[in-house]
Amino acid sequence: MYAHGPPAPPPKPPGNHDVSRMSTPATGQAPRPPPPLPEAVASDSGHTASLATAQENAAQSQAIADPGDQWLPKFLEDKSKQDLADILSDPTLLSALTHSPQTIHASLRASHEALQAALAENMERAAQLLDLEARLAHQRSAAQAQLLSTHALERQWRAKQAEMDHALAPFAPASLYQRLARGVAEQEGVCYALEESFLEGEGDGALATEREAGDWVRRYREAKKLYYLRQERKERWDEGRVGGWR
C-alpha cells in the first residue's frame, strides 16, 4: 500500500529575479563563429564520412568475436589429416585459404574492410596534399616572377631618376647659388671696367663730350644697379631669407 512514495511537490512560480532573467537575454554569450568556407565544409564532410565508415567497420570487427585457434573454414572440415598437414606445410596455400573471400572469417573480413577504408582515406588525403603542393608551387613561381618584375621596375625607376636628376641639376639650389655668385663677381668686374675706361679717357687729355659723359653715366648706373641687385640677392640667400631653397 505504501510501496510508492508521496508525489513530488509542484514547482514554485518564478520570482521577480527569475522573471527578469527569463525576459532578458544573456549578453555574455560568445558570438557565433562565422560559417566555414564551402571547400572546408566539403573536405570536413568527406573526412567525417570516411572516419564514420572506418569507425563503423572497426565496431563491426570488434562486435564479431574471435573464433579462436580451433576454427577451421567449412572448406576444410571434410578434409583428411594428410590434406590438412599438406595445407599447413604450405604457407602460400594457407594464406590463400585464410584470406580468400569464400573461406575468410567474418571478423577478419570486417578487419580487412576497416583497413581498406583507412587506406582509401589515406589515398584521398595524399591526393589532396599533392594538389595543394602543385598549387603552392604555382603560387611560388608566380610570386617569384612578380618579384623579378618588381626588381626590374625598380632598376628602371632608378635609371629614370638619375636622368631626371641630371636634367634638373642646373636648376638645383647649389647650381643656382653658384650662378648667382658668379653673376655678382662678373657684374662687379663690369663696373670696374667702366670705371677704368672713364679714368683712362681722362688721362689722355681729351675731354669727353656731354653726350659721351651722359652715355657713360647711364651705362654705369645700369651696371651698378644690376650689381647691387645681384649682391642683395646673394646676401639674402646667405642669411637664409630665400624660402624653398634651404
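Computed from a prediction, not measured in an experiment: that's the story for all the values here. Heads up: numbering here begins at 1 and tracks the sequence.
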Legend entry - Glu235: side chain to side chain contact (heavy atoms under 4.5 Å, CB included) partners, not counting sequence neighbours: Gln231, Glu232

Legend entry - NZ on Lys224 to CD on Glu188, rounded to 0.5 Å: 7.5 Å

Review item, side-chain donor-acceptor pairs of residues 155-170, under 3.5 Å, at least two apart:
from, atom 1, to, atom 2, distance (Å)
Arg158, NH2, Glu154, OE2, 2.8

Inset, instruction - Mark yes or no for whether Thr150, through its side chain, and Gln146, through its backbone, hold a donor-acceptor pair below 3.5 Å. - result: yes

Legend entry - Pairwise distance CG(Leu132) to CZ(Arg125) - rounded to 0.5 angstrom: 10.0 Å

Inset, instruction - To the nearest 0.5 angstrom, please state how far the NZ atom of Lys234 sits from the CZ atom of Arg182. - result: 12.5 Å

Inset, instruction - Would you check if Asp238 and Tyr177 make a side-chain contact, meaning some heavy-atom pair closer than 4.5 Å? - result: yes

Legend entry - Residues that Asp215 engages under side chain to side chain donor-acceptor pair (under 3.5 Å), provided they are two or more places apart: Arg218

Inset, instruction - Just jot down the ring pair (Phe, Tyr, Trp, His ring centres under 6.0 Å) partners of Tyr227, sequence neighbours excluded, or say none. - result: none

Legend entry - Residues in ring pair (Phe, Tyr, Trp, His ring centres under 6.0 Å) contact with Tyr220, at least two apart in sequence or another chain: Trp216

Legend entry - Taking every non-hydrogen atom, the tightest pair across Arg230 and Leu180: O-CD1, 3.9 Å

Legend entry - Reported CG-to-CG distance for the pair Leu129 and Leu136, which is rounded to 0.5 angstrom: 11.5 Å

Inset, instruction - Please confirm whether the backbone N or O of Phe171 pairs with a side-chain atom of Ser175, one donor and one acceptor, at under 3.5 Å? - result: no

Inset, instruction - Quick one: list whatever passes side chain to side chain donor-acceptor pair (under 3.5 Å) with Tyr192, sequence neighbours left out. - result: Glu196

Inset, instruction - Determine whether more than 12 heavy atoms belonging to other residues, nucleotides or ligands lie under 6.0 Å from atom CZ of Arg219. - result: yes

Legend entry - Side-chain heavy atoms of Arg135 within contact of His138, under 4.5 Å: no

